There are 4 protein chains.
Amino acid sequence: MASVNKVILVGNLGKDPEVRHLEGGLAVARFPIATSESFKDKNGQKQERTEWHNIVVWRNLAEVAEKYLKKGQSVYIEGKIRTNSYQDKEGIQRYTTEIVADNLTMLGGRTDAGANNGNPETASSNAGGRSEAPAFEGEPDDLPF
Amino acid sequence: MASVNKVILVGNLGKDPEVRHLEGGLAVARFPIATSESFKDKNGQKQERTEWHNIVVWRNLAEVAEKYLKKGQSVYIEGKIRTNSYQDKEGIQRYTTEIVADNLTMLGGRTDAGANNGNPETASSNAGGRSEAPAFEGEPDDLPF
Amino acid sequence: MASVNKVILVGNLGKDPEVRHLEGGLAVARFPIATSESFKDKNGQKQERTEWHNIVVWRNLAEVAEKYLKKGQSVYIEGKIRTNSYQDKEGIQRYTTEIVADNLTMLGGRTDAGANNGNPETASSNAGGRSEAPAFEGEPDDLPF
Amino acid sequence: MASVNKVILVGNLGKDPEVRHLEGGLAVARFPIATSESFKDKNGQKQERTEWHNIVVWRNLAEVAEKYLKKGQSVYIEGKIRTNSYQDKEGIQRYTTEIVADNLTMLGGRTDAGANNGNPETASSNAGGRSEAPAFEGEPDDLPF
DNA sequence: TTTT
DNA sequence: TTTT
């Protein structure tokens, strides 16, 4: 196999996270983040292009997102690309791409972005749940090696 | 803006690259690569999921792709996520996501994958063209600092 | 060859950058940044470990560091690991490890950290100099593909 | 805090891993990997510089390293930088830097590199042990989201 | 549509 | 020597 699918983003939330709780209590949160880059067009004019990324987080990271992330905030995200397919109403195969994040660090953001601004923290998510206490809550989640 | 949009992939080409030469000689190549991951389903059965990524490379990296990359080969890719929008024939806004690669390293692959197998190399692309001689050709492209 | 040497850091400057201008006008800046992680020790007590990284930047990135980076600020850095060897006065081979950064994004930091706080920007460095106008200055540095 | 300490390497093992089993059965393996880059010196001559990285892996990743990694093999590694300090016999503070890997994917390597050549796989390590069965053994280690 |  |  020998494959790697890794995404690293630093950007700002375009909306507050939307959280759903599935059967069994499984939590999932979704939110868009924007990244921007500048470039010169062929006339030498400065242009900016904004990319929107649909972020999905599960389990304790979803709880963290629900509690602490707000529109406008800046976040560091690690995750993987996932493309889902579906059929539209004409029966044509369509695709949507999202970033499934497994690591999230708040970096601050707009000064009115919410209570957590100025108190950035890190959180991690694992399928098996590495810790009952979310790393985000200030609980250590790992040995230093 | 303080933003980062970075993708790192290791995967196998699903097809040979398709190369086009635009007006002015600008080259662009496209090819799909697959990444895979294993997981257990709810019945404890091992499952595999394959993700397909549409890779786009420009300029000298496109020339490299044309000459050296073949279906089946394994590559390391660095790039960024780019989502393009278009209207389908019903006038509905649709999106396609691709990875614009700016760094590419061949890692080998199937033993019949092509001439370059067993001689993996690295290539880089820059908007301004850092070097006439593509790094891939064996020319050094950078000072060691 | 087929090798990759890539480092991604988000941390705070422990000191203002120290800048030197070599013969020919080549600029180099150095500064330490700290990253921290929490973990539980064997008694279940929360501990924090701080890692210090010696960052080196060349050319226009060094100019950017000199002008805009200050002790306390938070930065995103991409670069590579480089270990230099030297002989100490007893003639024993010693090693020092540093991170040669080729990409730098300011993320803010302490509110008194300097003039640029609240106005984070991105800068890139290339051996060949991709652009006379540093990206950091607000000039676009790249086409969007 | 808001910090990130992430390293991504693709390189070749310079030696077979050395494995130790600590009290309590905790396993740790160490091995060096080389990354190389080409550059032109001031006379326009092609030069190559090789960087050596000391890799440390713990727990099930150490078992994987012991069983499957051999000198010459190519590996993809994700981890973090860790600098340890100690006093030399003259009482001077010295530092050593290593990469603590938490993710490892075999990419092949020299054709005589060992039994696993041609059968690259991925393994992950977690402080809490995400799975009794190491991912490497062919057991799925994660849900696909 | 790849690879194992 | 930073930051929380």
Side-chain angles (χ1 to χ4, degrees), chain A residues 1-5 83 85 93 105-108 116-122 135-138 140, chain B residues 9-18 30-38 46-55 69-75 77 107-114 117, chain C residues 9-18 30-38 46-55 69-75 77 107-114 117, chain D residues 1-5 68 83 85 105-108 116-122 135-138 140:
Chain A
M1 226 154 331
S3 72
V4 172
N5 174 359
T83 298
S85 69
Q93 192 87 341
T105 297
M106 284 193 277
L107 299 172
N116 194 266
N117 188 48
N119 181 26
E121 294 283 347
T122 301
F136 180 85
E137 297 282 23
Chain B
L9 301 172
V10 173
N12 300 282
L13 277 81
K15 296 182 185 173
D16 288 355
E18 289 180 4
R30 293 172 189 276
F31 54 90
I33 76 165
T35 58
S36 302
E37 64 178 324
S38 290
K46 189 185 174 183
Q47 302 286 349
E48 186 173 276
R49 179 182 166 100
T50 295
E51 208 64 48
W52 286 98
H53 310 270
N54 295 310
I55 311 298
L69 294 186
K70 294 274 175 259
K71 175 176 171 175
Q73 276 184 317
S74 176
V75 287
I77 279 171
L107 299 171
R110 284 197 337 227
T111 51
D112 63 334
N117 189 49
Chain C
L9 301 172
V10 174
N12 299 282
L13 277 81
K15 295 182 186 173
D16 288 355
E18 289 180 5
R30 290 171 190 276
F31 54 89
I33 76 165
T35 58
S36 302
E37 63 177 325
S38 291
K46 189 185 175 183
Q47 301 286 349
E48 186 174 276
R49 180 184 164 100
T50 296
E51 209 63 49
W52 286 98
H53 311 270
N54 296 310
I55 311 298
L69 294 187
K70 294 275 175 254
K71 176 177 172 175
Q73 275 183 320
S74 177
V75 287
I77 278 171
L107 299 170
R110 285 196 337 226
T111 51
D112 62 336
N117 189 51
Chain D
M1 221 150 342
S3 71
V4 173
N5 174 358
Y68 300 101
T83 299
S85 69
T105 298
M106 284 192 277
L107 300 171
N116 193 266
N117 189 50
N119 182 25
E121 293 284 346
T122 301
F136 180 85
E137 298 281 21

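Here is the naming used below: chain letters follow the sequence lines, and residue numbers restart at 1 for every chain. What you see is a predicted model; the values in this text were computed from it and never measured.
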| message | How many whole angstroms separate atom CD1 of C:Ile55 from atom P of F:dT1? | response | 19 Å
| message | Nearest to the side chain of C:Thr50, heavy atoms from C-beta on, is which of F:dT1, E:dT2, F:dT2? | response | F:dT2
| request: Among F:dT2, E:dT2, F:dT1, find the nucleotide with the atom closest to the side chain of C:Pro32. | output: F:dT1
| field | Polar side-chain contact C:Ser74-F:dT2 base: donor and acceptor under 3.5 Å | value | no
| Separation of C:Phe31 atom CZ from F:dT1 atom P, in whole Å? | 19 Å
| Within the side chain of A:Ser3, is there an N or O that forms a donor-acceptor pair under 3.5 Å with the backbone of B:Ser36? | yes
| Pairwise side-chain contact, B:Val75 with B:Ile33, heavy-atom cut-off 4.5 Å (strictly under) | yes
| said: If the condition is side chain to side chain contact (heavy atoms under 4.5 Å, CB included), which residues does D:Asn5 pass it with, not counting sequence neighbours? | reply: C:Leu9, C:Thr35, C:Glu51, C:His53, D:Lys80, D:Ile81
| Taking atom P of E:dT2 as reference, at what distance in whole Å does atom CG of B:Asn12 sit? | 10 Å
| request: Check whether any side-chain heavy atom of B:Val10 lies under 4.5 Å from a side-chain heavy atom of D:Leu107, and answer yes or no. | output: yes
| said: Base of F:dT4, side chain of D:Ser3 - is there a donor-acceptor contact under 3.5 Å? | reply: no
| request: Taking only the side-chain heavy atoms of C:Glu48 (C-beta and beyond), determine which of E:dT2, F:dT4, F:dT1 contains the nearest atom. | output: F:dT4
| Rounded to whole angstrom units, what separation is found between the CG atom of B:Leu69 and the P atom of E:dT2? | 16 Å
| field | Residue B:Trp52, side-chain atoms from C-beta onward, closest of E:dT1, F:dT4, F:dT1 | value | E:dT1
| remark: To the nearest angstrom, the CG-P distance between B:Asp16 and E:dT2 comes to 11 Å
| query | Whole-Å distance between E:dT2 P and B:Glu37 CD? | reply | 19 Å
| C:Leu107 CG to F:dT2 C1': how many Å, rounded? | 14 Å
